[in-house]
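See below for the structure under consideration.
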Amino acid sequence: MKIDDAAARLEALGNPTRLKIYRALVRAGHAGMPVGRLQERLKIPASTLSHHVKALVSVGLISQLREGTTLVCHAEYATMQALVDFLVAECCAEESQCNAAQTAA
């Protein structure tokens with residue numbers, strides 16, 4: 001993962017509302033959650049939710065699929081896992097006694 005991509009994703013999650021949205025979608029599992037239910041659960045005005053969802057979609061943390069007339073949001077687990085892997089990829093890299101030291105790709 002490029003550092004600019006990691007920074008953009010971390011910046012998106014640095015907003016409390018976006019973090020709440022992402023966590024709600026993670027809890028929803030692979031089935032995702034319709035936008036209307038997400039709005040009700042988090043008690044966020046539709047325009048505000050739309051703004052924050054757009055930001056999360058733009059950095060690849062969530063996706064949206066239309067199912068009939070319903071727009072369903074899904075957490076992108078692979079993207080989040082890649083971000084976490086990027087953050088820990090060089091754990092202890094400069095510690096001479098660390099057996100788990102790796103370098104980032």
Side-chain angles (χ1 to χ4, degrees):
M1 177 178 296
K2 295 179 182 176
I3 198 155
D4 290 341
D5 294 335
R9 290 172 180 145
L10 290 168
E11 181 180 2
L13 290 174
N15 177 284
T17 302
R18 290 185 201 132
L19 186 56
K20 287 176 188 176
I21 292 167
Y22 189 78
R23 291 185 70 204
L25 293 174
V26 167
R27 284 191 300 270
H30 292 286
M33 186 180 297
V35 171
R37 190 175 326 146
L38 189 58
Q39 180 186 358
E40 289 171 9
R41 180 164 293 168
L42 298 177
K43 299 182 181 4
I44 299 172
S47 60
T48 302
L49 179 62
S50 177
H51 166 77
H52 289 298
V53 165
K54 182 179 177 182
L56 291 167
V57 168
S58 74
V59 295
L61 288 170
I62 67 173
S63 62
Q64 294 180 299
L65 293 174
R66 185 156 301 278
E67 295 178 4
T69 59
T70 304
L71 191 58
V72 180
C73 296
H74 300 268
E76 289 295 327
Y77 298 103
T79 302
M80 179 52 72
Q81 187 61 57
L83 179 58
V84 171
D85 291 346
F86 174 81
L87 292 172
V88 299
E90 295 188 18
C91 177
C92 306
E94 295 183 13
E95 186 176 322
S96 62
Q97 297 177 353
C98 182
N99 293 333
Q102 301 177 26
T103 57

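These numbers come from a predicted model, not from an experiment.
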Query raised in the report: Any idea which heavy atoms bring Gly32 and Ala28 closest together, and the distance?
Result: O-CB, 3.6 Å

With a 3.5 Å cut-off and sequence neighbours excluded, list the donor-acceptor pairs that the side chains of residues 10-21 form with protein atoms.
{"unit_1": "Asn15", "atom_1": "OD1", "unit_2": "Thr17", "atom_2": "N", "d": "2.9"}
{"unit_1": "Asn15", "atom_1": "OD1", "unit_2": "Arg18", "atom_2": "N", "d": "3.1"}
{"unit_1": "Arg18", "atom_1": "NE", "unit_2": "His52", "atom_2": "ND1", "d": "3.1"}

**Report entry** CG on Leu25 to CZ on Arg41, rounded to 0.5 Å
**Finding:** 9.5 Å

Query raised in the report: If we only count heavy atoms from C-beta on, is the Leu71 to Pro34 side-chain gap below 4.5 Å?
Result: no

Query raised in the report: So how far is it from Gln39 CD to Ser50 OG, rounded to the nearest 0.5 Å?
Result: 10.0 Å

Query raised in the report: Can you check whether Leu38 reaches Leu49 side chain to side chain, under 4.5 Å on heavy atoms?
Result: yes

If you look only at distance, which donor and acceptor atoms sit under 3.5 Å apart when one is on a side chain in residues 54-65 and the other is two or more places apart or in another chain?
{"unit_1": "Ser58", "atom_1": "OG", "unit_2": "Ala55", "atom_2": "O", "d": "2.8"}
{"unit_1": "Ser63", "atom_1": "OG", "unit_2": "Glu76", "atom_2": "OE2", "d": "2.6"}

Query raised in the report: Is Met80 close to Leu83 at the side-chain level, that is, under 4.5 Å between some pair of heavy atoms?
Result: yes

Report summary line: For Met1 and Phe86, the nearest pair of non-hydrogen atoms, with its separation, is O-CE1, 3.3 Å

Query raised in the report: For the atom pair CZ (Arg9) and OH (Tyr22), what is the distance rounded to the nearest 0.5 Å?
Result: 10.0 Å

